[in-house]
Each structure stands twice: as C-alpha cells, then as structure tokens.
Amino acid sequence: MDGGKIMAGSATGLARKGALGPSRSLTEPRWVQWIAIGVALAFLSLFLVVPLVSVFVNAFAKGIAVFAKAIVDPMALSAIKLTFLAALISVPANLVFGLAAAWAITRFRFPGRNFLITLIDLPFSVSPVISGMVFVLMFGAQGWFGPWLSDHGIKILFAVPGIVLATIFVTFPFVAREVIPLLQSQGTDEEEAAFVLGAGGWQMFWRVTLPNIKWGLLYGVILCNARAMGEFGAVSVVSGHIRGRTNTIPLHVEILYNEYNFAAAFAVASLLACLALVTLAAKSWVEWRYRNEN
Amino acid sequence: MSTIFAKTATLGWGPFWEVVSAPRVVAAFRLTFGASAVAASINTVFGLLVAWVLVRYSFPGRKIVDALVDMPFALPTAVAGIALTAVYAPSGWIGAPLSKWGIQAAFAPLGVVIALTFIGLPFVVRTLQPVLESTEPDMEEAALTLGATRWQTLRRVVFPPLIPALLTGFALSFARAVGEYGSVAFISGNMPLKTEIAPLLIMTKLEQYDYAGATAIAVVMLVISFSILLTINLLQAWSRRWTGGK
C-alpha cells in the first residue's frame with residue numbers, strides 16, 4: 001500500500017472499508033481496539049467493580065441472619081431515619097434555592113452576578129471537612145452565634161439542625177448547576193411570547209419554563225439526593241457522633257467499622273451501595289428520556 | 001467562609017506560621033497534594049483511554065460501562081473507603097497478591113493514591129467525552145488522504161485539540177482529591193507523618209477544640225484550591241478559544 005498518496009482521490013471511500021490496509025484507515029486495527037478495551041475495562045474493574053462487589057460479599061459473609069440483625073438494630077434504624085430526614089429537608093430546600101439562584105443568574109443582570117456564579121460552585125471546590133468547620137466556627141460554643149444560641153437554648157451544633165444545615169450546604173450546587181445551562185440555552189423568547197399573550201408570572205413558569213427544564217431539574221435532584229444521603233466529611237464534623245441521636249447511615253458505618261464489626265458495617269454500607277446503583281439507573285434513564293425528547 | 005479567615009486573623013502571623021510549618025502539618029500537605037497529583041495523572045491517562053474506548057469503539061456492555069463510570073459520584077465516600085480498604089488490605093482480594101510482591105497498598109501512601117484515583121475517576125472521562133463526540137472525521141480523513149499513518153493522525157490531528165479538556169479534567173480531579181476525606185480516612189491508616197492527609201489533620205484539631213489551628217490549615221488549603229479553580233476557569237476560556245476558532 002505504498003500508493004496511498006497517489007490514490008488520494010478515492011482514499012476516503014476505500015479507507016472506511018479498510019481497503020488501504022491496517023495503517024491506512026480511519027480506525028485502529030481490530031487487535032489494537034481489543035487491547036484498548038481490555039486495558040480500560042481492567043482499570044475500571046480494579047477501581048470500581050471489585051470494590052462494589054466486595055461490599056455485597058462482605059455484607060453477607062456471615063450469613064443473612066447477621067445481615068438482617070445489623071439492619072434492624074435500633075441504632076441502625078435511627079441512623080436510617082436521620083439520613084432520610086436530612087435528605088427530605090435538604091433536597092426540596094435546594095430544589096427551591098437552586099431554581100431561584102439559576103433563575104436570578106440567567107434572567108437578570110445585577111452587580112455581583114459573576115460573584116454569585118462562583119459562589120454556587122464553592123461547596124464543590126472546598127473540602128467537605130472545611131464546609132463542616134464553617135458551621136462549627138459559626139454555631140460552636142466559641143463561634144459567632146454560639147453564645148446567643150446557647151442563651152436562647154437553641155442547639156444547632158452536635159444536633160439534628162447542624163446535620164441538616166451542613167447537608168444543605170454541601171448539596172447546594174447540584175440543582176443550580178444542572179438548570180443554569182438549560183435556562184441559558186432556552187433563552188427568553190418563549191417566556192416573552194407567553195407574557196405577551198397574557199400569562200402571569202406563575203403561569204409562565206409552570207407552563208413554559210418548567211417543561212423545558214424538567215429533565216435537568218430531575219437530574220439535579222437525583223444527584224443532590226445521592227450526595228445528601230451519603231455525605232460523610234461535613235456531617236462528621238458537625239454531628240458529634242451521638243449514637244441513636246446524631247448518627248447518619250455513613251457515620252454509623254464508620255462506627256461499626258472502627259469497632260471491627262465488619263459484617264455489620266458492610267451490611268449497613270450495602271444499603272448505601274444499593275442507593276448508588278439506583279441513582280445510576282435513574283440518572284441513565286433521565287439522560288435517555290432527555291435525548292429522546294430532543 | 002469569611003469566618004475561616006476571621007478566625008485565622010485572630011491567630012496572628014507568627015502563630016499561624018508556627019502551625020502550618022510544623023513537621024506533621026507539612027508532611028500532611030505534602031502527602032495531600034502529592035498523592036492528589038499522582039491520582040489525577042493516573043486518571044488523566046486512563047480517563048483518556050476510557051473516554052476514547054466508550055466514544056469510538058463498540059463492544060458488548062458499553063452502555064453499562066458508561067453508566068458505571070459515574071459510580072464514584074453516586075457511592076458515598078465512607079462506603080468507598082471501607083470497600084477499597086477491604087479489597088486492597090494485605091488480606092484483601094487484590095491486596096493479598098500485591099503483598100506477595102512486597103507492595104503494601106492499604107495503610108500506606110499507595111492506599112491514599114488508590115482512594116483518590118477512585119473518587120476522581122469520572123472527571124477526566126466526563127470532560128473528554130463531549131469533546132470526542134463532537135470531533136468531525138473530516139480532519140482525520142484529510143490526514144489520511146495526505147498519506148498519514150493512523151498513528152501519525154492520532155498523534156498530530158486527533159490528540160492536540162484534546163489537550164485543553166485533558167488539562168481541565170486533570171484540574172477537576174486534582175481539586176476533588178485535595179479535599180477528599182471520607183474514603184482516605186479508612187484506607188490510609190492515618191499515621192502521623194506517614195499517611196495522614198490535611199483534611200484529616202483539620203478533623204483531628206477540631207476534635208481537640210484547636211479551632212485556630214484547624215482554620216490555619218484550612219486557609220492554606222483554600223488558597224491553593226482557589227488558585228486551582230482560577231486555573232480551571234482560565235483553561236476553559238483557553239479551550240473555548242481553541243474550539244471556537246474553527
């Protein structure tokens with residue numbers, strides 16, 4: 001195949017069929033492809049699949065009875081309850097905050113707008129431990145609001161409100177980040193048309209804006225929920241680890257693990273692993289629906 | 001966030017320097033940023049390979065693999081931590097063969113790198129995928145008709161436009177790794193001067209009610225993280241100019 005240069009005119013058509021030989025085509029030879037696929041899959045197995053499988057294997061290592069006992073343990077149940085409570089408050093809160101922030105950023109020009117955009121990403125770029133520490137510095141005994149709060153008998157740190165606040169903080173960016181690009185690309189034409197045709201503010205939002213961003217919104221909520229239920233670093237700082245009172249599922253896993261109660265730790269962890277699998281499935285489904293509609 | 005800087009200001013310059021230059025703190029910084037850089041580099045190389053394989057080749061189970069890449073985003077870090085520890089511990093599925101070769105993974109700096117690679121894995125893949133999907137075959141066809149071998153085409157035509165996305169992916173994965181706490185806390189063994197990372201040191205100081213010391217370390221981390229964030233924004237502006245120039 002030395003004639004590659006001379007046959008230039010027809011090369012593209014031939015190249016696709018591989019008629020110009022292995023090194024003269026638009027894709028790599030089959031064996032190179034298989035090696036690349038093999039290496040990529042080996043890498044993903046080592047880092048993703050094997051650890052995930054090990055969670056379930058370790059969870060059932062000592063039989064179903066030990067697994068079930070770890071789940072229905074009162075401490076585990078109270079951790080599950082607290083995790084659901086934190087997610088149940090922080091996800092809707094961030095749905096509202098995220099929408100409002102995205103709306104303000106894409107629909108209005110105001111001083112400090114760019115600063116707000118940077119601020120939204122802050123919880124992503126800061127260590128969760130530092131996020132939690134902010135609340136200690138604000139609400140702790142020596143903190144800014146600490147003395148006032150203790151005078152009024154309000155407990156935020158090492159109590160449920162602190163956990164909820166920390167969860168809201170670290171999960172704030174998810175909804176806003178998904179919605180901002182959608183609102184941006186959608187533009188204001190349709191909304192203006194609705195307005196001209198006599199729609200009120202709410203009507204315009206429910207009938208025009210929301211249908212256009214619903215998949216992005218749902219996507220953000222799914223990721224927000226996964227992080228809210230799984231957050232460890234920030235919650236660990238503010239919780240105080242009081243068993244049965246301020247322990248979330250991830251913190252309960254840590255306690256069991258540090259007590260060398262591995263079977264129970266993995267049993268409770270397997271609940272979170274299931275949550276992760278459901279999250280991935282839901283996420284793929286939303287992506288698929290979104291692609292079908294567009 | 002302003003509370004952090006306010007709290008550090010109460011410390012004064014001298015004591016601040018004393019905290020952040022203590023050998024234990026310096027060792028933690030070195031491990032945090034060093035291991036994060038290694039993990040982000042591993043993710044850049046393999047992320048490029050995974051993204052390429054997912055976009056360009058077809059093989060059974062491709063869609064499942066594609067969905068699986070986001071696992072580190074969905075799996076709580078505490079679960080990732082105990083799972084990776086179980087697998088890479090000297091008695092674990094992968095740790096046992098490794099220790100026969102004399103390599104200790106968990107409870108050693110290598111374990112920190114493994115955990116940070118896990119949590120940063122999706123960033124490079126997800127930054128590269130859209131770029132790879134949007135590249136037209138025109139350029140590759142042109143290179144081919146001009147007589148380039150496939151390897152030359154990959155090296156000279158396909159690869160250069162990917163560099164901005166690769167750098168962005170590296171920076172995102174690095175920034176995430178620097179702040180990571182949950183997974184590393186389990187796999188590292190938390191030995192001072194050896195396998196203790198900076199976020200863990202903050203945690204320890206908070207538990208000892210040494211708030212000023214904890215904030216001093218946090219300030220150093222924040223300043224470095226913000227410079228990384230700034231770099232990401234500059235890189236993205238640069239890559240927009242690159243792709244918009246067509």
Side-chain angles (χ1 to χ4, degrees), chain A residues 4-5 8 11-12 15 23-28 33 36-37 39-41 43-44 46-52 54-55 58 122 125-130 133-134 136-138 140 142-144 223 226 229-233 236-237 250 253-254 257 265-266 269 272-273 276 279-281 283-284, chain B residues 1 3-4 7 46 49-50 52-53 56-57 59 63 65 67-80 82-84 86-87 92-94 114 117-118 121 137 140-141 144-147 149-151 175 178-182 186 199 202-203 206 211 214-215 218 221-222 225-226 229:
Chain A
K5 277 175 189 154
T12 37
S23 67
R24 290 275 192 278
S25 79
L26 268 178
T27 183
E28 291 70 53
Q33 291 194 15
I37 292 170
V39 173
L41 292 184
F43 173 72
L44 293 177
L46 279 182
F47 282 94
L48 300 182
V49 181
V50 173
L52 184 69
S54 85
V55 172
N58 283 309
L122 194 70
S125 43
V126 165
S127 174
V129 174
I130 298 180
M133 192 178 81
V134 173
V136 174
L137 294 181
M138 280 199 299
Q142 331 164 15
W144 285 10
L223 294 180
M229 291 190 162
E231 177 53 26
F232 180 71
S236 180
V237 174
V253 169
E254 186 198 19
Y257 191 85
F266 278 101
L272 291 171
T279 302
L280 289 184
K283 203 173 142 292
S284 305
Chain B
M1 279 297 150
T3 54
I4 291 177
K7 187 81 191 173
F46 285 95
L49 183 71
V50 171
W52 179 267
V53 161
R56 291 295 181 101
Y57 303 156
F59 54 94
K63 284 206 170 131
V65 173
L68 211 64
V69 167
D70 279 330
M71 176 59 81
F73 285 159
L75 194 70
T77 52
V79 180
I82 63 168
L84 288 170
V87 171
W93 294 343
I94 300 176
I114 290 171
T117 306
F118 171 85
L121 195 147
E140 288 169 58
E141 282 174 16
L144 181 74
T145 55
L146 291 172
T149 61
R150 184 60 190 162
W151 175 239
V178 165
E180 174 60 10
Y181 166 73
F186 292 99
I202 295 179
M203 199 71 159
L206 283 176
Y211 290 168
T215 44
M221 287 187 69
L222 281 179
S225 297
F226 277 128
L229 209 67

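In what follows, every chain begins at residue 1, and chains take the letters A, B, ... in the order their sequences are listed.
- Looking at B/Ala175, there are no atoms closer than 4.5 Å to chain A (heavy atoms on both sides), in backbone or side chain.
- Of the two parts of B/Met221, only the side chain, counted from C-beta on, holds a non-hydrogen atom closer than 4.5 Å to a non-hydrogen atom of chain A.
- Between the CG atom of B/Leu121 and the CG atom of A/Leu44 there is a distance of 6.0 Å, given to the nearest 0.5 Å.
- With a threshold of 4.5 angstrom between heavy atoms, A/Val49 approaches chain B through side-chain atoms but not through N, CA, C or O.
- Remark: A/Leu223 CG to B/Asp70 CG distance equals 8.0 Å, nearest 0.5 Å.
- Contact detail for A/Gly233 and B/Met203: the closest heavy-atom pair is O-CE, 4.3 Å.
- Highest contact tally toward chain A, considering only B/Tyr181, B/Tyr57, B/Tyr211, B/Trp93, is held by B/Tyr57 [criterion: heavy-atom pairs under 4.5 Å].
- The heavy-atom pair separating A/Pro128 from B/Gly179 by the smallest distance is CD-O, 3.4 Å.
- Listed options A/Leu48, A/Val253, A/Thr279 were ranked by heavy-atom pairs under 4.5 angstrom with chain B; first place goes to A/Leu48.
- Interatomic distance, A/Ser127 OG to B/Leu222 CG, rounded to the nearest 0.5 Å: 9.0 Å.
- Tested against A/Ser54 for a side chain to side chain contact (heavy atoms under 4.5 Å, CB included), the candidates B/Ile82, B/Val87, B/Leu84 yield a single pass: B/Val87.
- Residue A/Val129 comes nearest to B/Pro199 through the heavy atom pair CG1-O, 3.6 Å, listed as atom of the first residue, atom of the second, then distance.
- No side-chain heavy atom of B/Ile202 sits less than 4.5 Å from a side-chain heavy atom of A/Val237.
- A distance of 7.5 Å separates CG in B/Leu206 from CG in A/Leu137, rounded to the nearest 0.5 Å.
- In this structure, the portions of A/Val50 lying under 4.5 Å from any heavy atom of chain B include both its backbone and its side chain.
- A distance of 10.5 Å separates CZ in B/Phe59 from CD in A/Gln33, rounded to the nearest 0.5 Å.
- Taking all atoms of both residues into account, the shortest heavy-atom contact from B/Pro76 to A/Leu272 is CG-CB, 3.8 Å.
- Highest contact tally toward chain B, considering only A/Ala281, A/Ala226, A/Ser125, A/Pro250, is held by A/Ser125 [criterion: heavy-atom pairs under 4.5 Å].
- Here CZ of A/Phe47 is found 8.5 Å from CD1 of B/Ile94. Values are rounded to the nearest 0.5 Å.
- Under the 4.5 Å side-chain criterion, counting only non-hydrogen atoms from C-beta, A/Thr27 is not in contact with B/Arg56.
- The shortest heavy-atom contact between B/Val50 and A/Ala40 is CG2-CB, 4.0 Å.
- Between A/Phe232 and B/Phe186, the ring planes are tilted. Angles from 30° to 60° get that label.
- Smallest separation of non-hydrogen atoms from A/Ala273 and B/Leu75: CA-CD1, 3.8 Å.
- Contacts of A/Ser284 with chain B are made by side-chain atoms alone, with heavy-atom separations under 4.5 Å and no backbone atom involved.
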